[in-house]
Amino acid sequence: MDRNTDGGLTDALGRPLKDLRISVTDRCNFRCQYCMPLEKYAWIDRHEILTFEEITRLAGLFVGLGVEEIRLTGGEPLMRHNLEFLVGQISHVDGLKDLSLTTNASLLAEQARGLAKAGLKRINASLDTLDRGKFHRLTRKDGLDNVLSGLKQATLCGLSPIKLNSVIQRGVNDDDIIELVAFARKNGYPIRFIEYMDVGNSNNWVSDLMVPKGEILQAIRKLFPLDEGARNDESAPSVDYRFRDGAGNVGIIASVTEPFCRGCTRARLTADGKLVLCLFSDKGFDLKRLLRGGATDGELVAAIRSLWSARRDRYSEERLEAMNSGEYRPNSKKKIEMISLGG
Ligand code: SAM
Ligand code: SF4
Ligand code: SF4
C-alpha cells in the first residue's frame, strides 16, 4: 500500500493530507436553521450511499496516504443504522491514530454504549443553547432533554473527552454564551465556540449575524478570566484558552475572522462517495464511480493523490480579503450544503 511515511503527499500550497471527515448520511432528525435547507434539497438516494465496506476500504487507503484522524459526521451520523459496526471496522484500520464522531447527541442515550464497545473513544457534540424554547426554535425540534441525557449516557459509557461545539449567532444565542460555558465547566466538557459561517447557500448567511471571536471572548472573560490562547497544532482550527482558575479550557473556531487555510490538512468524503477538498466547494470528485466500477486500490490512491496534489483551496482567506475590501457577496458562488459535508 502507498503509505505516506515521509509526509510526501502535499497539495499545491504545501499542505499534507492528515484528516478525513466522513459523512455517513445526509439525513438528520433536526432542522437547524443555519445548516439545513428546508426546500430544494435532493436527498441522496439510498443506493448511492456508500456501504460500510466501501467506507472502510477508502478509510484504509486514506490512512495509507497519511491521514491520521478520521471523524464520522453527517447529517446526523447516529441516524445511520448500525453505525457501531462501521466504528468497529474503522477503528481497526492499521495506522489510524484517532477516530471521533460529531453528533447532535439526541440519539446518544441509546447508542453510546454500543459505540464505546465498538472502539469509539471520544465525541464532539453540538449544543447551541440550554434554553428549551430557543433550542426548539433553532433546531425546529423539541430535543433538548434527549441531548442532555445523551451527553450523560456518553459520560457514563466512558467516552472522553466529550467536546461541545456551539455556533453563535447575533441576536439568536449570543446571550447563551455564559450559560453554555458554565454548563461545560460544571460537567468537565471542553467547549468550543464556532463563528457562524456561510457554508452552503440555503442559510442566506449575512455577516451581521456572525459574532466574531473577539466578542465571544469578551463575553466569556466578564465572568471567567482566561489565559492567552494557543493553537494545539498548526492544523487545528480551534485556538484554545485556559480558564485561569484551572477548570479546563474553551476554544474558539474563528473561521471567518481568523481563517486558518494555510494549515488546512482536511479532506471530506460525502455519504455518496464524493471527495471534497474544501468546506466551501461547489463539487466533489466521484470516488464511488471508481469504487463501483472495479478500480484497484492503486487506481483509487492515484486518483486521490492527483486531486490532493492539485489542491489550491483557501476560501476563508479569500472571503476575508473580499469582506475587508467590501466586495464579498455570500451567495455569488454555489456551495455544497453543510448537511452533505458534515462540517
Ligand atoms: N449533526 C451533527 C451535529 O450537528 O453535530 C453533525 C453534522 S453538523 C453539519 C457538524 C457541525 O457543523 C455542527 O457542530 C454544526 O453546529 C456545524 N454547523 C452547521 N452549520 C454551520 C454554519 N453555518 N456555521 C458554523 N457551523 C455550522
Ligand atoms: Fe442536523 Fe447537525 Fe445540521 Fe443541525 S447541524 S441540522 S443537527 S446536521
Ligand atoms: Fe480548509 Fe477551505 Fe476551510 Fe480554508 S476554507 S480552512 S481551505 S476547508
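Below, all heavy atoms of this structure are taken into account, side chains as well, without hydrogens, waters or symmetry copies.
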message = Any salt bridge linking Lys121 with Asp98? Criterion: basic side-chain nitrogen under 4.0 Å from a carboxylate oxygen.
response = no
query = Can you find a heavy atom in the side chain of Pro212 that is under 4.5 Å from one in the side chain of Arg170?
reply = yes
message = Does atom CZ (Arg292) have a neighbourhood of more than 12 heavy atoms from anything else shown, all under 6.0 Å?
response = yes
message = Would you say that more than 12 heavy atoms from the other residues, nucleotides or ligands in this model lie under 6.0 Å from the CZ of Arg113, or not?
response = no
query = Do any pairs count as a salt bridge (Lys or Arg N to Asp or Glu O under 4.0 Å) and have a residue in residues 188-206, sequence neighbours left out, and if so which ones?
reply = Asp198-Arg319, Asp198-Lys335
task = Please determine, by modelled atom types, if Asp131 and Asn173 share a side-chain donor-acceptor pair under 3.5 angstrom.
result = no
inquiry  = Any non-hydrogen side-chain atom of Glu215 less than 4.5 Å from a side-chain atom of Ile168?
reply    = no
ask   = Is there a side-chain contact between Gln169 and Leu209, using heavy atoms and a 4.5 Å cut-off?
value = yes
ask   = If you measure only the distance, is there a donor-acceptor pair under 3.5 Å linking the side chains of Ser340 and Asp26?
value = no
query = Taking the side chain as C-beta and beyond, is there a heavy-atom pair between Arg122 and Leu159 under 4.5 Å?
reply = no
remark   = d(Cys28 SG, Met79 CE) to nearest 0.5 Å is 6.5 Å
query = More than 12 foreign heavy atoms under 6.0 Å from NZ of Lys117: is that the case here?
reply = no
Side chain to side chain, Leu127 and Asn165, heavy atoms closer than 4.5 Å = no
ask   = For atom CZ of Arg311, is the number of surrounding heavy atoms from other residues, nucleotides or ligands below 6.0 Å larger than 12?
value = yes
query = Tyr196 vs Tyr34 aromatic rings, parallel, tilted or perpendicular, using cut-offs 30° and 60°?
reply = tilted
message = Would you say that more than 12 heavy atoms from the other residues, nucleotides or ligands in this model lie under 6.0 Å from the NE2 of His92, or not?
response = no
Interatomic spacing from CG in Leu180 to CG in Leu164 - rounded to 0.5 Å = 8.0 Å
inquiry  = Assess whether a salt bridge exists between Asp272 and Lys274, defined as any Lys/Arg side-chain N lying under 4.0 Å from an Asp/Glu carboxylate O.
reply    = yes
ask   = Do Val199 and Leu320 share a hydrophobic cluster, counting only Ile, Leu, Val, Met, Phe, Trp and Tyr and linking them when any side-chain heavy atoms are less than 4.5 Å apart?
value = no
message = Are there over 12 heavy-atom neighbours, none belonging to Lys152, within less than 6.0 Å of that residue's NZ?
response = no
inquiry  = Hydrogens and angles aside, do Arg71 and Ser100 bring a side-chain donor and acceptor to less than 3.5 Å of each other?
reply    = yes
query = Can you find a side-chain donor-acceptor pair between Thr129 and Asp176 that sits under 3.5 Å?
reply = yes
ask   = Does any non-hydrogen side-chain atom of Leu101 lie less than 4.5 Å from one of Leu83?
value = yes
message = Any salt bridge linking Arg221 with Glu228? Criterion: basic side-chain nitrogen under 4.0 Å from a carboxylate oxygen.
response = yes
message = Between Glu76 and Thr103, is there a side-chain heavy-atom distance shorter than 4.5 Å?
response = yes
key: Close side-chain approach of Arg57 to Leu300, heavy-atom, < 4.5 Å   = yes
request  = For Asp282 and Lys334, run salt bridge (charged side-chain N to carboxylate O under 4.0 Å, His left out): C-alpha distance rounded to whole Å, both residues' side-chain angles, the deciding distance at 0.1 Å, then the answer.
outcome  = CA-CA 6 Å; Asp282 61 345; Lys334 186 176 167 292; over 6 Å; no
